[in-house]
Amino acid sequence: MKGVLLVNLGSPDSPTAKDVKPYLDEFLMDERVIDVPNWLRNIIVRGIILQTRPKKSAEAYSKIWWKEGSPLIVISERFTERLKEHSEIPIALGMRYGSMTIKNALQELNDKGVDEVLLVPMYPHYAMSSFETVVVKVMEEQEQLFPKMKVTTLPPFYKNPEYIRVLSERIAASLEGFDYDHILFSYHGIPERHIRKSDPTNFHCKIDGKCCQTNSVAHHTCYRHQCFDTTESVKAYLNLPADKVSNSFQSRLPNDPWLKPYTDFEFERFPKEGIKNLAVITPAFVADCLETLEEIAMEGQHQFQEAGGEGYKHIPCLNESDSWVNVVAKWVKDWQETGALPA
Ligand SMILES: C=CC1=C(C)c2cc3[nH]c(cc4nc(cc5[nH]c(cc1n2)c(C)c5CCC(=O)O)C(CCC(=O)O)=C4C)c(C)c3C=C
Ligand SMILES: [Fe+2]
Ligand SMILES: [Fe+2]
């Protein structure tokens with residue numbers, strides 16, 4: 001029997017340093033997130049980052065935490081429930097890190113008689129620290145626990161026409177009545193090194209200007225290219241003026257070059273360039289989370305207005321909206337009936 005496994009990143013169990021610490025430990029000790037030799041990752045993560053970050057992160061989580069729990073988890077659960085209403089086959093939700101494990105989700109599917117799984121990583125873009133680590137973890141668990149199960153992975157959907165349509169409609173609806181000077185597409189950052197590491201040609205991704213706009217097989221695994229492609233597709237769909245749209249990358253750890261331009265630097269620069277009314281969309285995430293609700297909706301507005309900006313609008317993620325649920329339900333139905341995956 002066929003079934004679906006949805007996987008997103010995960011959250012700590014509560015917004016306290018006590019619960020944030022083990023969550024960050026699992027997350028940052030992932031070799032695809034902090035990609036240095038194990039002994040060095042131990043020093044960086046356990047000897048340095050985890051000494052101070054859990055307290056700081058817990059404070060940030062406290063600002064966005066809902067009565068029902070972490071927004072990322074609650075939204076993902078609501079999305080799953082809504083998707084179940086539209087589907088005839090079993091659907092389970094797991095998280096790459098934290099207590100809502102992939103193992104339990106696979107067990108749930110197995111208990112319902114599922115032996116053919118469609119894995120849906122809830123990320124529009126490929127990155128070794130998001131999409132790839134989910135695929136690898138699912139394969140490891142499946143091979144060890146359910147060796148007879150067959151897993152098919154839904155590819156990154158960053159330019160899928162149906163995804164672009166619902167994302168664009170979401171943006172258009174949010175912008176109604178907001179006289180924006182500029183729309184910033186802020187994507188989660190990754191270290192530049194990850195782009196080079198994921199380049200199968202070993203020479204295409206130079207991050208030197210035009211590589212992401214020049215056709216290459218490397219784009220199947222180039223996060224930067226895929227982010228730019230999402231922006232260009234939305235721009236074309238909504239016929240947005242080119243000079244009113246730009247990209248940036250948010251959230252970074254120190255002591256490493258990450259993808260640029262950095263979102264927080266853009267918030268400071270824009271008012272000086274005459275941009276007073278700013279809309280920000282965060283398409284690296286399909287569900288609102290710490291990175292969108294705290295870093296963009298709260299901190300971003302503060303940084304922009306401190307620098308002289310005036311109107312500010314954070315556009316929510318697709319979350320459990322009808323249109324988004326319908327798109328994923330169609331992908332599931334197509335796969336269930338014909339085995340076809342979305343283009
Ligand atoms: C080396 C560090 C990190 C990389 C690389 C990275 C890539 C990456 N992350 C997401 C999605 C999310 N990240 C979130 C939180 C978060 N991310 C990092 C670090 C890296 N992410 C940290 C340390 C944290 C925790 C919060 C903090 O301490 O600042 C979240 C939010 C989770 C939540 O509970 O709300 C998401 C979602 C992607 C898509 C990605 C690569 C493209
Ligand atoms: Fe992250
Ligand atoms: Fe590229």
Side-chain angles (χ1 to χ4, degrees), residues 8-15 17 19-21 23-36 41 44-45 49-50 52-61 64-66 69-76 95-98 100 121-134 156 158 187-199 201 203-229 249-256 258-259 282-295 299 317:
N8 207 326
L9 185 110
S11 291
D13 287 340
S14 79
D19 283 338
V20 170
K21 193 169 181 177
Y23 164 77
L24 283 184
D25 185 86
E26 186 189 2
F27 183 3
L28 299 176
M29 286 303 289
D30 182 340
E31 63 184 354
R32 288 178 172 77
V33 175
I34 299 204
D35 56 319
V36 294
R41 187 163 48 249
I44 294 175
V45 174
I49 301 177
L50 292 185
T52 53
R53 186 112 192 168
K55 185 166 176 284
K56 215 172 130 234
S57 286
E59 281 162 10
Y61 272 110
I64 57 123
W65 209 259
W66 291 346
S70 145
L72 175 76
I73 304 282
V74 175
I75 292 166
S76 304
M95 293 286 158
R96 173 62 184 85
Y97 313 106
M100 196 184 258
M122 297 300 281
Y123 303 111
H125 313 93
Y126 168 90
M128 70 185 208
S129 53
S130 57
F131 187 95
E132 187 182 286
T133 184
V134 164
Y158 64 98
Y187 295 89
H188 196 302
I190 57 172
E192 289 183 352
R193 186 183 57 256
H194 288 198
I195 297 282
R196 296 195 186 90
K197 266 194 170 171
S198 301
D199 176 1
T201 70
F203 64 80
H204 177 79
C205 292
K206 300 185 190 67
I207 322 180
D208 62 351
K210 286 272 171 244
C211 63
C212 284
Q213 284 79 27
T214 311
N215 211 11
S216 169
V217 66
H219 293 161
H220 291 303
T221 48
C222 177
Y223 178 74
R224 186 169 174 267
H225 165 84
Q226 297 186 1
C227 293
F228 291 167
D229 200 323
F249 297 92
Q250 65 186 80
S251 328
R252 61 186 178 280
L253 294 183
N255 306 324
D256 225 358
W258 283 51
L259 291 180
T282 47
F285 312 94
V286 293
D288 275 306
C289 59
L290 184 70
E291 310 294 294
T292 65
L293 299 171
E294 200 270 340
E295 191 169 344
E299 279 302 303
C317 294

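Both counts, for ligands and for their atoms, begin at 1 and track the order of listing. In what follows, every heavy atom counts, from backbone to side chain, and hydrogens, waters and symmetry copies are set aside. On a predicted model such as this, the values are computed, not experimentally measured, just so you know.
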Q: Tell me which one of L24, N8, L72 gets a heavy atom nearest to atom 23 (C) of ligand 1.
A: L24
Q) Taking side chain as C-beta onward, heavy atoms only, is V45 less than 4.5 Å from I34? A) yes
Q: Please state whether Y187 comes within less than 4.0 angstrom of ligand 1, counting heavy atoms only.
A: no
Q. Would you say C211 has an N, O or S atom lying under 2.8 Å from the Fe ion (ligand 3)?
A. no
Q. Taking the six-membered ring for Trp, are Y187 and F249 parallel (under 30°), tilted (30 to 60°) or perpendicular (over 60°)?
A. tilted
Q. Hey, is there an N, O or S on H219 sitting under 2.8 Å from the Fe ion (ligand 3)?
A. no
Q) At a 4.0 Å cut-off, with the gap strictly under it, does some heavy atom of F131 reach an atom of ligand 1? A) no
Q) atom 7 (C) of ligand 1: which of H188, R53, K56, E294 has the nearest heavy atom? A) H188
Q: For G10 and ligand 1, answer yes if some heavy atom of the residue is under 4.0 Å from a ligand atom, otherwise no.
A: yes
(Q) Please verify the inter-ring angle class for Y23 with Y97; under 30° counts as parallel, over 60° as perpendicular, anything in between as tilted. (A) perpendicular
(Q) To make sure I understand the geometry: which N, O or S atom in H188 is closest to the Fe ion (ligand 2)? (A) NE2
Q | Donor-acceptor contact present, side-chain Y126 to main-chain Q226, <3.5 Å | A | no
(Q) Could you tell me if E291 and T282 have a donor-acceptor pair between their side chains, going purely by distance under 3.5 Å? (A) no
(Q) For atom 36 (C) of ligand 1, what is the closest protein heavy atom, and at what distance to 0.1 Å? (A) L9 CD2, 3.7 Å
Q.
Using 0.5 Å steps for rounding, measure from the CD1 atom of I44 to the CG atom of D256.
A. 8.5 Å
Q. Does W258 have a heavy atom less than 4.0 Å from any atom of ligand 1?
A. yes
